[in-house]
Amino acid sequence: MKFAIRYDALQEAFFRQGWLLPAVLPLTQVGGRALSNTFAGVYALWGLLSLWSRRDRLNRTVTVLYLALLGVFLLGVPGSVDPVRGLRIWGEFAAQSLALLLTQAALRESAAHPGRLFDAVALFGGLTLAGLYGLLPYYWLGGSGQPFSPATQLKEDNLPFLLPFLLGWVWWRGGRRRYPAMAGIVAVTLAYVVISEGRAALLGLIVSLATFCWAVLNWRLRWIALFAGLVLTIGVVANIGPFRKSELDPDHPLDAFTAGRTILWRQALEHPPPRPWLGVGIGNGVHAREILDFQIGDRRLEVRHLHNILMDAWYETGILGVGLLVALVGTVFGRLARDWPRLSVGDRQRAGVLLAAALAIITAGLLSFTYTSRQFACYFFVCLGGLIYLGQSHRDQAIPPPATGHTDQDRH
């Protein structure tokens, strides 16, 4: 009896506070891998113990696709070069991507929970940005004992995902000064991305801003295009060095400009996985040295993955794995497109923030991190969970729109 009471209390506590732990993870990543992994592990275990009682709140089609995806990813582990590593990476991916189900279930717990999610991500996103700037002088002045290396020391990958939540919070609560505040946030975020020399993050940032301006601010397409072009121009002019990498190998300027990514992709296509349907096994792409070693000019380089979420998923999990991944994402986006015209103004703005964050992650992931990274496996799946919920919210009780203090006529 006491165990049952404690178990019920554990579940209730998760759906009161614990489900918001993914909002804290970007800040913990600033503190290091160990701290971040601890929080992620607590979230996954706590959520898994609590999910069964809320299973009826999950979208059946999306849940089936997600479970099939995990099953196919696991099928490729036996027979891989390193099944122990494969099983570990699969477990990490499953634990992080569980956010897809937990976010859905938690948002249906209370009409106040969507607002709490956006407030929490905005709060810890702001703290993350402040923490990144706080560490910048430490690296710049050589406090780490190493020469300043923006590409390896600075952590800009989460900023395109966090930016729309910060802008959304200001838009809903900023009052008359919201436009200057939003401009300041964009400028500070863009400055860090430029300093970090993150070209993938810059593109993700531009996609994030363009989607936010379209879905939340309701800007016209020509103004969105001009704004995106302005941000890109600032990013290139302020940090021309990384955009001149084509000079490293004049005979192959595209390969040099992409820092060898196009070489990696060509080599992967020329040496496909021996098991086309299941791939080499999740986490085992690192052993394919024939595709991960390449040369730019007179420099020989070696990386650990293909720097493209789709290429990595295809090579490691095969046609079945990447096919199910695309089907899962396509189902969520397709349902959102179908339900978009029927969403309330408040739900449409919330969905716009989540869509901007999700598209930013996809854009950066096509050039940078892999599909098992925290950005994709956790944050992206949080966005998917939120989009599923908001896409069908018009069928449930309506969620009151955010308190903006302005009428819909204020929008531009």
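Because the structure is predicted, anything quoted here is derived from the model rather than measured.
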Lys/Arg-Asp/Glu bridge criterion (N-O < 4.0 Å) met for E109, R16: no

N158-Q375 side chain donor-acceptor pair, cut-off 3.5 Å: yes

Under-4.0 Å salt bridge between R116 and D119: no

Heavy atoms from other residues, nucleotides or ligands near CZ of R33 exceed 12 (cutoff 6.0 Å): no

From F212 atom CZ to L166 atom CG, the distance as rounded to the nearest 0.5 Å: 10.0 Å

Nearest heavy-atom neighbours spanning A215 and W340: CB-CH2, 3.8 Å

Check: F369 ring centre within less than 6.0 Å of F376 ring centre: no

Shortest non-hydrogen separation from V382 to P22 and the atoms involved: CG2-CB, 3.9 Å

Residue pair L98, L51: steps toward the side chain to side chain contact (heavy atoms under 4.5 Å, CB included) verdict: CA-CA 10 Å; L98 190 62; L51 181 61; 4.3 Å; yes

Distance-only donor-acceptor check, side chains W172 and Q349, under 3.5 Å: yes

Residue pair R57 / Q104, side-chain donor-acceptor N/O under 3.5 Å: no

F257 six-ring centre to R199 NZ/CZ under 6.0 Å and within 45° of normal: yes

Heavy-atom side-chain contact between L117 and V121 under 4.5 Å: yes

Side chain to side chain contact (heavy atoms under 4.5 Å, CB included) between T258 and L254, worked out: CA-CA 6 Å; T258 62; L254 180 60; 4.1 Å; yes

Passing candidate, side-chain contact (heavy atoms from CB on, under 4.5 Å) with F381, options L328, L101, T103: L328

pair K155-L132: side-chain heavy atoms closer than 4.5 Å: yes

N59 vs R335, side chain to side chain contact (heavy atoms under 4.5 Å, CB included): CA-CA, chis, key distance, verdict: CA-CA 11 Å; N59 181 285; R335 286 174 177 267; 3.7 Å; yes

Sub-4.5 Å side-chain heavy-atom contact between Y133 and V188: yes

From L100 atom CG to L67 atom CG, the distance as rounded to the nearest 0.5 Å: 9.5 Å

Check: P273 and W314 side chains under 4.5 Å, non-hydrogen atoms: yes

Rounded distance [0.5 Å steps], CD1 in I263 versus CG in D293: 11.5 Å

For A201 against E156, the heavy-atom pair lying closest together: CB-CG, 3.5 Å

Closest non-hydrogen atom pair, A200 against L367: CB-CB, 3.9 Å

Distance, nearest 0.5 Å, that separates OG of S50 from CH2 of W19: 13.5 Å

OG1-CZ distance between T28 and R374, expressed to the nearest 0.5 angstrom: 6.5 Å

pair M311-L269: side-chain heavy atoms closer than 4.5 Å: yes

Heavy atoms from other residues, nucleotides or ligands near CZ of R177 exceed 12 (cutoff 6.0 Å): no

Stepwise side-chain hydrogen bond (donor to acceptor under 3.5 Å, both in side chains) check, S97 with Y66: CA-CA 9 Å; S97 61; Y66 170 68; 2.9 Å; yes

Shortest non-hydrogen contact between I89 and T372, atoms and distance: CG2-CG2, 3.9 Å

CA sep, side-chain torsions, deciding dist, call: L167, L209, side chain to side chain contact (heavy atoms under 4.5 Å, CB included): CA-CA 9 Å; L167 296 179; L209 284 171; 3.7 Å; yes

Student check: side-chain heavy atoms of V280 and V81 closer than 4.5 Å: no

Proximity of F73 and W90 rings by center, below 6.0 Å: no

R304 atom CZ: more than 12 heavy-atom contacts under 6.0 Å: no

4.5 Å side-chain heavy-atom contact, S80 and R275: yes

Minimum heavy-atom distance between L25 and C378, given as atom pair plus value: CD1-SG, 3.8 Å

